[in-house]
Engineer: 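Can you read through this structure? Questions will come right after.
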Amino acid sequence: MRLTAYGSAAEDAVEAAASYIENMDALMSTGLETSEIAQLNATGTMMLSADSAAVMQRAIEICHDTDGAFNPLMYPVMEAWGFPSKEYRVPMQDELEELLTLTDISQVQFHEADGQVSFGIDGMKADLGGIAKGYTSSQIKEIFNSFGVTSGLVTLGGNVQAVGSKTDGSPWRVAVQNPESEGEYLGVLEVSDKAVITSGGYERYFEEDGKKYHHIMDPDSGYPAENGLTSVTIVSEDGTLADALSTALFVMGLENASDYWQEHSQQFDAVFLTETGTILVTEGIEDIFSSGYAWTVIEKES
Ligand code: AMP
Ligand code: MG
């Protein structure tokens, strides 16, 4: 993580933000036996505290909105591939098919009022890894503001949240990483008060028999999503949404992702990189994106 804040209370703001991040990790990390999510996964029921409940609620809502492309119940599948343990393996197709029965969102009972979650099928397990960082960085924006910090930048593992603008009033310049070569970037986005969040298979993967298997699962098949995209960057005022959609649109592939944007263009914009090296940018960020590469605009259909 990298936290930058300007203003007279900047140091206190950064300290508060850092302990908030630690707290969120302690609540939501699947790998930490004592976390609320780990306890939910072990017993199938849990009373979530306010932050984890808020993330769970958005995760379920976005699962419905994306027709299941974002699915917060993929943990059994992640385990089968060995991502949590780092003991990687390629599961058999019938093993995956069986595990996919545990990813049925209608089998989650969630009571918003008190944060009570229960799973309808034994063995169901939640994984908020595709959304938690975006929620956390958007909350940090609020923490910064509560300290009077109106200019700052929050980076959590490649997810960027701009707080206000730079101190001179000009927008933050956020680079979009080039998955092909580390340290280089595809382009730059100029943003104020927005989240810029990227998902791609290149972030975490293992190789077996010369084939790469990455960490973003297609909930329809249980296999790593291979729908022609190399990375998806979402730009939105809603950091939680941006994180979940970066994962979901990567799963959808370009055509379905563009359709989804057409329906929701008021809520977010996106930069897509395809496997063939094409960069596409949705209309709403056309004027704040710049790149040394050629790129195409996805226009709004009337
Ligand atoms: P991100 O880096 O935001 O794209 O999130 C990827 C992480 O989300 C993975 O490491 C898994 O923990 C989890 N995940 C994998 N596939 C999905 C999916 N289809 N929907 C939601 N979360 C997923
Ligand atoms: Mg995500």
Side-chain angles (χ1 to χ4, degrees), residues 1 24-25 28-32 35 37-38 40-41 55-86 88 91 96 99-100 102-105 108 124-138 155-161 176-177 179 195-206 212-227 229-236 238-253 256-257 260 268 270-273:
M1 64 171 140
M24 292 299 279
D25 195 47
M28 282 185 267
S29 169
T30 43
L32 211 69
S35 81
I37 297 306
L40 168 65
N41 291 348
V55 178
M56 182 65 77
Q57 194 247 317
R58 292 299 304 278
I60 294 170
E61 175 191 309
I62 296 169
C63 181
H64 289 296
D65 277 355
T66 59
D67 211 8
F70 182 86
N71 186 323
L73 299 172
M74 295 306 288
Y75 202 61
V77 172
M78 293 300 284
E79 286 185 316
W81 287 91
F83 278 101
S85 62
K86 297 198 170 71
Y88 302 113
L96 291 171
L99 291 174
L100 286 178
L102 303 175
T103 64
D104 178 358
I105 199 74
V108 179
M124 288 176 71
K125 290 180 181 181
D127 176 1
L128 301 177
I131 187 171
K133 276 190 282 194
Y135 174 84
T136 303
S137 55
S138 69
T155 306
L156 298 181
N159 293 359
V160 178
Q161 170 73 56
V176 180
Q177 202 194 313
V196 178
I197 298 187
T198 300
S199 284
Y202 65 93
E203 294 174 306
R204 263 172 80 194
Y205 61 87
F206 70 95
K212 286 182 180 173
Y213 298 95
H214 64 71
H215 70 126
I216 303 175
M217 298 300 155
D218 188 331
D220 284 335
S221 66
Y223 284 84
E226 278 188 74
N227 295 316
L229 291 173
T230 304
S231 78
V232 175
T233 300
I234 305 288
V235 182
S236 177
D238 181 343
T240 314
L241 181 76
D243 192 359
L245 289 187
S246 69
T247 312
L249 272 59
F250 180 85
V251 169
M252 286 179 197
N256 288 339
Y260 189 86
F268 74 97
V271 179
F272 301 104
L273 175 65

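Indexing begins at 1, ligand by ligand and atom by atom, following the structure's order.
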Engineer: What protein heavy atom lies closest to atom 21 (C) of ligand 1? Include the residue and the distance to one decimal.
Structural biologist: Asn71 O, 3.1 Å

Engineer: For Ile216 and ligand 1, does the shortest N/O to N/O distance drop below 3.5 Å?
Structural biologist: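 No.
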
Engineer: Out of His214, Arg204, His215, Met74, whose heavy atom sits nearest atom 6 (C) of ligand 1?
Structural biologist: His215

Engineer: So, at under 2.8 Å, which protein N, O or S atoms would a careful student list around the Mg ion (ligand 2)?
Structural biologist: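 As for protein N, O or S atoms lying under 2.8 Å from the Mg ion (ligand 2), they are Gly130 O, Asp243 O, Asp243 OD1, Thr247 OG1.
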
Engineer: Kindly indicate whether the side chain of Asp67, heavy atoms from C-beta on, has any atom under 4.5 Å from the side chain of Met252.
Structural biologist: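 Side-chain contact under 4.5 Å: no.
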
Engineer: Start with the C-alpha gap between Thr198 and Gln177, add the side-chain angles, then the distance that decides, and say whether side-chain contact (heavy atoms from CB on, under 4.5 Å) holds.
Structural biologist: CA-CA 8 Å; Thr198 300; Gln177 202 194 313; 5.9 Å; no

Engineer: In the structure I gave you, are the side-chain heavy atoms of Phe250 and His214 within less than 4.5 Å of one another anywhere?
Structural biologist: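 They are in contact (side-chain heavy atoms under 4.5 Å apart), so the answer is yes.
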
Engineer: So, does Thr30 use its side chain to make a donor-acceptor pair with the main chain of Asp127 at under 3.5 Å?
Structural biologist: no

Engineer: For atom 4 (O) of ligand 1, which candidate among Ala242, Ser199, Ala59 holds the nearest heavy atom?
Structural biologist: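 Nearest option to atom 4 (O) of ligand 1, by heavy atoms: Ser199.
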
Engineer: What I'd like to find out is whether the side chain of His215 reaches to under 4.5 Å of the side chain of Pro224, using heavy atoms alone.
Structural biologist: no

Engineer: Indicate, as side chain, backbone, both or neither, the part of Ala225 found under 4.0 angstrom from ligand 1 when only non-hydrogen atoms are considered.
Structural biologist: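 No part of Ala225 is near ligand 1 at this cut-off.
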
Engineer: Any idea which protein heavy atom is nearest atom 23 (C) of ligand 1, and the distance to it?
Structural biologist: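 Protein heavy atom at minimum distance: Thr247 CG2, 4.1 Å.
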
Engineer: Short list, please: which atoms of ligand 1 are under 4.0 Å from a heavy atom of Pro219?
Structural biologist: 19 (N)

Engineer: Does any non-hydrogen side-chain atom of Thr103 lie less than 4.5 Å from one of Pro219?
Structural biologist: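 When only atoms from C-beta onward are counted, Thr103 and Pro219 do not touch, as no gap falls below 4.5 Å.
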
Engineer: With a 4.5 Å heavy-atom cut-off, do Ile131 and Phe70 have their side chains touching?
Structural biologist: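 Counting from C-beta outward, Ile131 and Phe70 do come under 4.5 Å.
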
Engineer: Among all protein non-hydrogen atoms, which one is nearest to atom 16 (N) of ligand 1, and what is the separation to 0.1 Å?
Structural biologist: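 Looking at atom 16 (N) of ligand 1, the protein heavy atom closest to it is Met217 N, 3.0 Å.
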
Engineer: Tell me which one of Leu273, Val235, Thr233 satisfies side chain to side chain contact (heavy atoms under 4.5 Å, CB included) with Val176.
Structural biologist: Thr233

Engineer: Below 4.0 angstrom from a heavy atom of Asp243, which ligand 1 atoms are there? Numbered from 1 as shown, please.
Structural biologist: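 Listed by number with element: 3 (O).
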
Engineer: Please say whether Ala69 places an N or O atom under 3.5 Å from an N or O atom belonging to ligand 1.
Structural biologist: yes

Engineer: Name the one of Tyr75, Tyr223, Tyr88 that satisfies ring-ring contact (aromatic ring centres under 6.0 Å, His included) with Trp81?
Structural biologist: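 Of all the options given, the one that passes is Tyr223.
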
Engineer: Show which atoms of ligand 1 fall inside a sub-4.0 Å distance from at least one heavy-atom site of Glu203.
Structural biologist: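 Counting from 1, the qualifying ligand atoms are 2 (O).
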
Engineer: Out of curiosity, Thr240 OG1 to Arg58 CZ, how far, rounded to the nearest 0.5 Å?
Structural biologist: 5.5 Å

Engineer: Check whether any side-chain heavy atom of Leu102 lies under 4.5 Å from a side-chain heavy atom of Leu73, and answer yes or no.
Structural biologist: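 SC-SC contact between Leu102 and Leu73 ruled out.
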
Engineer: side-chain contact (heavy atoms from CB on, under 4.5 Å) between Leu40 and Met56: does it pass, once the steps are laid out?
Structural biologist: CA-CA 12 Å; Leu40 168 65; Met56 182 65 77; 3.9 Å; yes

Engineer: Tell me: protein heavy atom nearest atom 11 (C) of ligand 1, and distance?
Structural biologist: Asp127 OD2, 3.2 Å

Engineer: Looking only at distance, does Gly130 have an N or O less than 3.5 Å from an N or O of ligand 1?
Structural biologist: yes

